[in-house]
Amino acid sequence: MSAKVPSIELKIDPRDLKIQTFTVEKLLEPLIIQVTTLVNCPQNPSSKKKGRSKRARVLLASVEEATWNLLDKGEKIANEAIVFKEELHGALADVQKESQALKVSAEAFTSDPCYLPKRQAVVQAARSLLTAVTRLLVLADLVDVAYLLEHLTVFQRTFESLRNVSSKSDLQKIYQKFQKDLENLDYLAYKRQQ
């Protein structure tokens, strides 16, 4: 990544990000369904003795681990980013705050998984965490798009200079730069696709 700030004008307000693509909605749909189905517990489940759910603790630990991995990678992206740096750090702080809120409500939930108010609290905390993670992912994607557009602009300038060449030696130099820019753009597009 270059230290130069991309000069691409993005028509987006990073403080008001909403899911506006069908792809993002489809990717998040299974998570939203899982969070929503947590609320489907009968009011009076049974008169049997209630135990503590070990599975819920394992799930909570895996969510915490995944969140910390996301925060670690997000912190690296935010530190390297030139555009939306403050917004990325704010989104990371939101994810961390919502993750902590989920941990607290989930620990209370695991002690009595069929008590409806505790279940509703953990569902709300999970939804809030999902929203914060989505915002972070959208911001990280915007940073990625800004860098890709900047490299596309560099590629276009090299292409224009290739069209206006006056000598064979200039043609060779500019063509080599054109190949290098094309390889770089191809690598960035591949990396984004992955």
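Treat the numbers as computed from the prediction; the structure is a model and nothing was measured. Computation of the quantities below employed the complete heavy-atom set of this structure, encompassing side-chain atoms and omitting hydrogens, waters and symmetry-equivalent molecules.
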Show the atom names and distances, to 0.1 Å, of all donor-acceptor pairs under 3.5 Å that link a side chain in residues 169-183 to residues at least two apart or in another chain.
{"from": "Ser169", "atom 1": "OG", "to": "Ser167", "atom 2": "OG", "distance (Å)": "3.4"}
{"from": "Asp170", "atom 1": "OD2", "to": "Ser167", "atom 2": "OG", "distance (Å)": "3.3"}
{"from": "Lys177", "atom 1": "NZ", "to": "Asp181", "atom 2": "OD2", "distance (Å)": "3.2"}
{"from": "Asp181", "atom 1": "OD2", "to": "Thr158", "atom 2": "OG1", "distance (Å)": "2.6"}

Whether Ser99 side chain and Val95 backbone form a donor-acceptor pair below 3.5 Å: no
If I compare all heavy atoms of Val122 with all of Ala106, which pair ends up nearest, and what's the gap? CG2-CA, 3.6 Å
For the student: nearest non-hydrogen atoms of Ala78 and Leu92, plus distance: CB-CD1, 3.9 Å
Could you report the tightest heavy-atom contact between Ser105 and Ala121, atom names first, then the distance? OG-O, 3.9 Å
Kindly check if the number of other-residue, nucleotide or ligand heavy atoms within 6.0 Å of CD (Glu160) is above 12? yes
Close side-chain approach of Phe155 and Asn184, heavy atoms under 4.5 Å: no
What about Val104 and Val133, same hydrophobic cluster or not, with Ile/Leu/Val/Met/Phe/Trp/Tyr joined at side-chain heavy-atom distances under 4.5 Å? no
In a check of side-chain contact (heavy atoms from CB on, under 4.5 Å) between Gln100 and each of Lys103, Gln96, Lys97, Glu98, which one passes? Lys103
Report the distance from atom CD of Glu107 to atom NZ of Lys118, rounding to the nearest 0.5 Å. 12.0 Å
About how many Å separate NE2 of His89 and CD1 of Ile77, when rounded to the nearest 0.5 Å? 11.0 Å
Which value, rounded to the nearest 0.5 Å, describes the distance between Leu70 atom CG and Trp68 atom CH2? 11.0 Å
How many angstroms lie between CG in Asn79 and CG in Leu88, if you round to the nearest 0.5 Å? 9.5 Å
Taking all non-hydrogen atoms of both residues into account, name the closest pair between Glu87 and Arg135 and its distance. O-NH1, 4.0 Å
Nearest 0.5 angstrom please: Gln124 CD to Leu102 CG, how far? 11.0 Å
Using the rule that two of Ile, Leu, Val, Met, Phe, Trp, Tyr join whenever any of their side-chain heavy atoms come within less than 4.5 Å, decide whether Phe159 and Leu188 are in one cluster. yes
Reported CG-to-CG distance for the pair Leu148 and Leu185, which is rounded to 0.5 angstrom: 6.0 Å
